[in-house]
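Here is the structure we will look at.
We use all heavy atoms of the structure for the numbers below, so side chains are in, but hydrogens, waters and symmetry mates are not.
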Amino acid sequence: MRATSRDDGVWFTLRDDASKAAQEAAIRAALSAQRDRLERVEIDVLSDDEWPGEACAAVRVAEARLAAQRRRSTSLTLDPRSDEDLGLAMALAPHSIGGSATDDTGALVWDANDTGTSAAFRLASSEVAAVRAAVERAGGGRDDVVTLVSHHLGRRRLGYDVVGATAPGEEAWRPPSRWRAYERTVRLGAGPEVWEEVSTSVVSWEVKARSGFRVDPPLHGLPPRAGDRCWLVARAGPFRLREPVQVIETVSSDRRAALAYGTLDGHPVTGEEAFIVHREDDGTVILTLRSLTRPGRGLWRVLFPAILVAQRLYRRRYLRALVPTAPGAGQQDSADG
């Protein structure tokens with residue numbers, strides 16, 4: 001019985017600076033790892049470069065098959081269930097101008113183009129490790145295999161110059177001038193159980209997640225780190241708003257935990273936001289929200305007044321996001337500038 005594609009997986013690609021050997025290894029390893037759920041593979045029997053010696057035998061077999069089909073096409077259809085066909089695909093794919101594979105639902109899950117220099121694979125969680133291991137054996141690094149989302153995000157710039165100005169590790173905050181600054185604090189509860197729960201949640205995007213946002217790509221249980229980039233996806237009726245951001249700093253200590261992130265080009269606003277929890281000497285656990293905001297670029301600048309209205313709504317959600325899981329919640333103090 002063939003595996004079904006119930007695990008949709010996540011799209012991965014190779015870093016721009018990955019070696020040719022790493023690219024070839026990833027293309028082959030993804031095809032091999034996905035084999036049990038593949039239905040069809042298409043490979044163009046054309047290359048931008050001369051076919052390497054190790055691929056020439058496969059090229060001759062592929063060209064003979066195309067000639068036998070008596071149709072004008074350079075695209076060879078292969079059955080991944082056949083060992084011979086899979087071998088042809090593995091030999092040709094890293095050097096072909098184009099290749100693709102679909103699963104048993106007809107969805108594209110593997111794509112290799114431009115003589116192996118452009119490739120993307122929709123990998124289930126059990127397949128990612130196999131591809132990364134193959135890349136390492138080829139002399140590359142595990143970090144050569146990145147999500148397609150983070151690859152695209154890597155080309156965006158931070159949209160502001162006061163990076164780290166929300167000071168998530170500091171008790172006192174002096175926001176920079178000429179920014180719309182906001183700080184508000186609420187009491188979440190008291191005791192070690194409350195602290196354990198909220199200190200873990202705050203550094204895992206839970207304030208955003210419980211306020212209606214989705215993190216893309218998913219974390220898969222891994223804590224965010226400074227420099228990580230993702231989309232924060234909010235739904236408004238039938239529409240989805242995708243906000244590109246970068247993690248600026250995370251804090252994790254016995255008394256303080258925090259996550260600060262900054263906006264990348266294309267975000268509706270420009271600036272930085274931090275979610276901070278700390279516990280006082282008597283065990284009281286406090287949540288503090290800090291943000292610095294300016295209008296975004298282009299059309300977002302025109303929409304800035306409407307964005308501020310939405311921002312106030314979400315801030316109320318943020319301040320309540322961790323409260324339902326902790327007893328004795330209540331507002332302690334606030335400041336808004």
Side-chain angles (χ1 to χ4, degrees), residues 5 7-34 37-38 90 93-96 98-101 103 107-159 163 203-205 208-209 213-233 240 242-250 259-267:
S5 304
D7 182 351
D8 288 337
V10 175
W11 280 99
F12 285 82
T13 188
L14 277 295
R15 289 163 52 105
D16 289 338
D17 57 356
S19 69
K20 183 172 177 57
Q23 292 169 350
E24 293 181 6
I27 288 170
R28 293 189 175 108
L31 200 56
S32 176
Q34 295 172 315
R37 61 189 179 102
L38 295 182
M90 300 273 271
H95 315 290
S96 168
S100 63
D103 66 10
L108 180 70
V109 295
W110 177 92
D111 194 58
N113 294 279
D114 304 329
T115 315
T117 59
S118 176
F121 330 106
R122 190 164 191 165
L123 300 176
S125 55
S126 60
E127 298 162 351
V128 180
V131 175
R132 285 185 165 145
V135 168
E136 285 187 298
R137 289 194 296 272
R142 291 179 61 84
D143 291 343
D144 285 346
V145 182
V146 297
T147 62
L148 193 60
V149 169
S150 61
H151 178 72
H152 289 164
L153 285 170
R155 305 182 181 196
R156 295 174 180 254
R157 295 181 301 108
L158 279 168
V163 178
V203 295
S204 301
W205 288 115
K208 281 286 191 179
F213 287 82
R214 176 171 56 85
V215 180
D216 183 20
L219 295 175
H220 295 304
L222 298 175
R225 300 172 300 175
D228 285 353
R229 293 184 168 195
C230 65
W231 296 93
L232 299 177
V233 186
R240 290 183 181 181
R242 296 172 62 84
E243 302 178 348
V245 301
Q246 175 177 315
V247 177
I248 300 301
E249 184 178 352
T250 61
L259 170 68
Y261 70 91
T263 62
L264 298 170
D265 284 344
H267 197 285

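R28 places no side-chain N or O within donor-acceptor distance of the main-chain N or O of P94, the cut-off being under 3.5 Å. Between the R37 side chain and the D103 main chain, no donor and acceptor come within less than 3.5 Å of each other.
Heavy atoms only, all atoms of each residue included: D144 and G140 are closest at OD2-CA, 3.5 Å. Closest approach of L153 to P244, counting heavy atoms only: CD2-CB, 3.7 Å. Contact record, T250 with P224: CG2-O, 3.7 Å, taken as the closest heavy-atom pair. Nearest heavy atoms, H151 versus V146: CB-CG2, 4.0 Å. Annotation for A93 and W110: closest pair CB-CH2, 3.6 Å, computed over non-hydrogen atoms. D228 approaches P223 most closely through the heavy-atom pair OD2-O, 4.4 Å.
At least one side-chain heavy atom of F121 sits under 4.5 Å from a side-chain heavy atom of L14.
Listed by chain and residue number, nothing satisfies the side-chain hydrogen bond (donor to acceptor under 3.5 Å, both in side chains) test with R142 (two or more places apart in sequence, or in another chain).
Screening L158, L232, V245 for a side-chain contact (heavy atoms from CB on, under 4.5 Å) involving H267 leaves a single residue, V245.
To the nearest 0.5 Å, atom CG of residue N113 and atom OG of residue S100 are 8.0 Å apart. Between S118 atom OG and D16 atom CG the span is 10.0 Å, to the nearest 0.5 Å. In this structure, CZ on R225 lies 13.5 Å from CG on L259, to the nearest 0.5 angstrom. Taking CG of L148 as the start and CZ of F12 as the end, the distance is 10.0 Å to the nearest 0.5 Å. Within the model, atoms OG1 of T147 and CZ of R229 stand 12.0 Å from one another, a figure rounded to the nearest 0.5 Å. For the atom pair CG of L123 and CD of Q34, the computed distance is 5.5 Å after rounding to the nearest 0.5 Å.
Using a cutoff of 4.0 Å between basic side-chain nitrogens and carboxylate oxygens, R242 and D216 are scored as salt-bridged. The pair R156-D265 does not meet the salt-bridge criterion, since no charged nitrogen lies less than 4.0 angstrom from a carboxylate oxygen. Classification of K20 and E24 as a salt-bridged pair holds, one side-chain N sitting under 4.0 Å from a carboxylate O.
In this structure, D17 places its CG atom where more than 12 heavy-atom neighbours from other residues, nucleotides or ligands lie under 6.0 Å away.
Aromatic pair W205/Y261: centroids less than 6.0 angstrom apart.
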